[in-house]
Amino acid sequence: MSGKLIVFEGVEGCGKTTQMQLCTQWLKNINVSVVLTREPGGTELGKHLRQLLLEKSEDKPVGEVTELLLYAADRAQHIEQEIKPNLAAGKYILCDRYTDSTIAYQGYGRGLSMSLINQLNYIATGGLESNLTIWLDVDVEVGLARKRGSEAALDRIEQETIDFHRRVQQGYTELGATYPSRIFRIDGNLSKEVVQKRIQEILINNLLLINQG
């Protein structure tokens, strides 16, 4: 079995963590070797970069271009240390965020140059794209309400303005329309069981998984 890169995307509070955990267990149950990872933070270096990127600092905020470059550095290390070796080993990689996040957040959200973002994404990945991307689509107000209702404190990105998050959502909407053969939209407002069933159907239909359970 050849390795596959399956990415989960969406605005804050869309349910990625829950669905990735459910999907991981399902894949293991049908004898698929699976790796769970994330960006930023999928390597030791990435954990430090994640802390720099997501901690709130009032007096010394992270610059927008600095933010973009830190995400690119995290991704470059992630690709070399985790993604490529696990793909070569034939594993299914479930990754929480990838290049589409940078386009949505730093491109649409921050308004940074799309040509610069595309260039940095290519440098970091060597052109490696996901085999498919699951986009969990929820209204930003719903997602942020979920985050505020959890026990965890909101990180720097989650604390951004509602207009920022709406621009990010617009980014995902346009990406989904541009790459329909790679990005699969799922209504994230549905129950977690229904969402998981649809994810499994997408993986079976598009990655030729055979359910052996």
Side-chain angles (χ1 to χ4, degrees), residues 4-24 26-27 34 36-42 46 50 53-54 67-68 71 74-75 78 83 92-110 114 117 121 125 129-150 152 154-203 206-207:
K4 304 292 182 183
L5 176 57
I6 303 160
V7 175
F8 287 70
E9 292 280 5
V11 297
E12 307 304 319
C14 67
K16 291 184 283 81
T17 301
T18 297
Q19 293 303 326
M20 289 178 68
Q21 291 171 346
L22 292 171
C23 192
T24 297
W26 170 68
L27 287 170
V34 59
L36 195 63
T37 189
R38 67 180 180 178
E39 291 190 355
R50 184 180 181 87
L53 283 162
L54 298 183
E67 177 184 79
L68 174 63
Y71 277 115
D74 169 84
R75 182 163 296 133
H78 194 215
I83 302 295
Y92 274 54
I93 302 171
L94 304 188
C95 188
D96 184 342
R97 301 200 180 284
Y98 193 53
T99 53
D100 292 321
S101 276
T102 308
I103 295 170
Y105 280 80
Q106 281 67 54
Y108 286 84
R110 301 287 189 214
M114 286 296 183
I117 289 170
N121 274 342
T125 66
E129 294 184 345
S130 66
N131 291 96
L132 62 81
T133 297
I134 302 294
W135 166 34
L136 301 176
D137 187 17
V138 298
D139 291 336
V140 293
E141 291 85 353
V142 172
L144 291 173
R146 290 176 181 175
K147 283 291 184 180
R148 295 189 182 104
S150 68
L154 297 181
D155 65 33
R156 187 176 67 89
I157 301 298
E158 291 164 354
Q159 292 179 48
E160 283 288 349
T161 66
I162 191 67
D163 285 341
F164 169 84
H165 290 290
R166 285 173 179 153
R167 291 194 298 272
V168 171
Q169 178 74 319
Q170 180 62 28
Y172 280 121
T173 300
E174 294 191 18
L175 281 166
T178 304
Y179 303 102
S181 62
R182 177 176 63 83
I183 300 176
F184 294 81
R185 177 191 176 275
I186 298 177
D187 184 351
N189 296 297
L190 300 171
S191 71
K192 67 179 182 180
E193 293 80 11
V194 172
V195 171
Q196 181 59 204
K197 182 180 179 181
R198 295 192 178 180
I199 290 172
Q200 293 175 12
E201 290 171 349
I202 289 169
L203 266 58
N206 293 277
L207 298 182

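Note: hydrogens, waters and symmetry copies are ignored here, and every other heavy atom, side chains too, is used.
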Go through the steps to decide whether Val195 and Leu22 satisfy the test side chain to side chain contact (heavy atoms under 4.5 Å, CB included), and finish with yes or no.
-> CA-CA 10 Å; Val195 171; Leu22 292 171; over 6 Å; no
Side chain to side chain contact (heavy atoms under 4.5 Å, CB included) assessment of Ile117 paired with Arg110 = CA-CA 11 Å; Ile117 289 170; Arg110 301 287 189 214; over 6 Å; no
Where do Leu144 and Ile162 land on the side chain to side chain contact (heavy atoms under 4.5 Å, CB included) test, with the steps shown first?
-> CA-CA 9 Å; Leu144 291 173; Ile162 191 67; 3.7 Å; yes
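For Glu9 and Ser101, the side-chain atoms include at least one donor-acceptor pair closer than 3.5 Å.
Within the 3.5 Å criterion, the main-chain N or O of Ile6 finds no donor-acceptor partner in the side chain of Asn131. For the pair Gln196 (side chain) and Glu193 (backbone), a donor-acceptor distance under 3.5 Å is absent. For Glu12 (side chain) and Glu158 (main-chain N/O), no donor-acceptor pair under 3.5 Å exists by modelled atom type. In terms of modelled atom types and a separation under 3.5 Å, the side chain of Asp139 and the main chain of Glu141 share no donor-acceptor contact.
Ion pairing of Arg97 with Asp74 is absent here, as no side-chain N (NZ or NE/NH1/NH2) approaches a carboxylate O to less than 4.0 Å.
With rounding to the nearest 0.5 Å, the separation of OG1 in Thr24 from CD in Gln19 is 11.0 Å. Within the model, atoms CG of Leu175 and CG of Asp100 stand 5.0 Å from one another, a figure rounded to the nearest 0.5 Å.
Residues Leu203 and Cys23 have side chains in contact (heavy-atom distance under 4.5 Å, counting atoms from C-beta outward). Side-chain contact check for Thr125 versus Arg75: some heavy-atom pair is nearer than 4.5 Å. For the pair Tyr179 and Thr133, the minimum side-chain heavy-atom distance is 4.5 Å or more.
Partners of Arg50 according to the side chain to side chain donor-acceptor pair (under 3.5 Å) rule, which considers only residues two or more places apart in sequence or in another chain, do not exist here.
Of the residues Glu174, Arg166, Gln169, Arg167, the one that meets the side-chain hydrogen bond (donor to acceptor under 3.5 Å, both in side chains) test with Tyr108 is Glu174.
Taking every heavy atom of both residues into account, Ile103 and Met114 meet most closely at O-CE, 3.9 Å.
Summarising the local packing, CZ of Phe164 is surrounded by more than 12 heavy atoms from other residues, nucleotides or ligands at distances under 6.0 Å. Within a 6.0 Å radius of CZ in Arg156, more than 12 heavy atoms belonging to other residues, nucleotides or ligands are found.
Using the six-membered ring where Trp is involved, Tyr105 and Tyr172 have ring planes that are perpendicular, over 60° apart on the 30 and 60° scheme.
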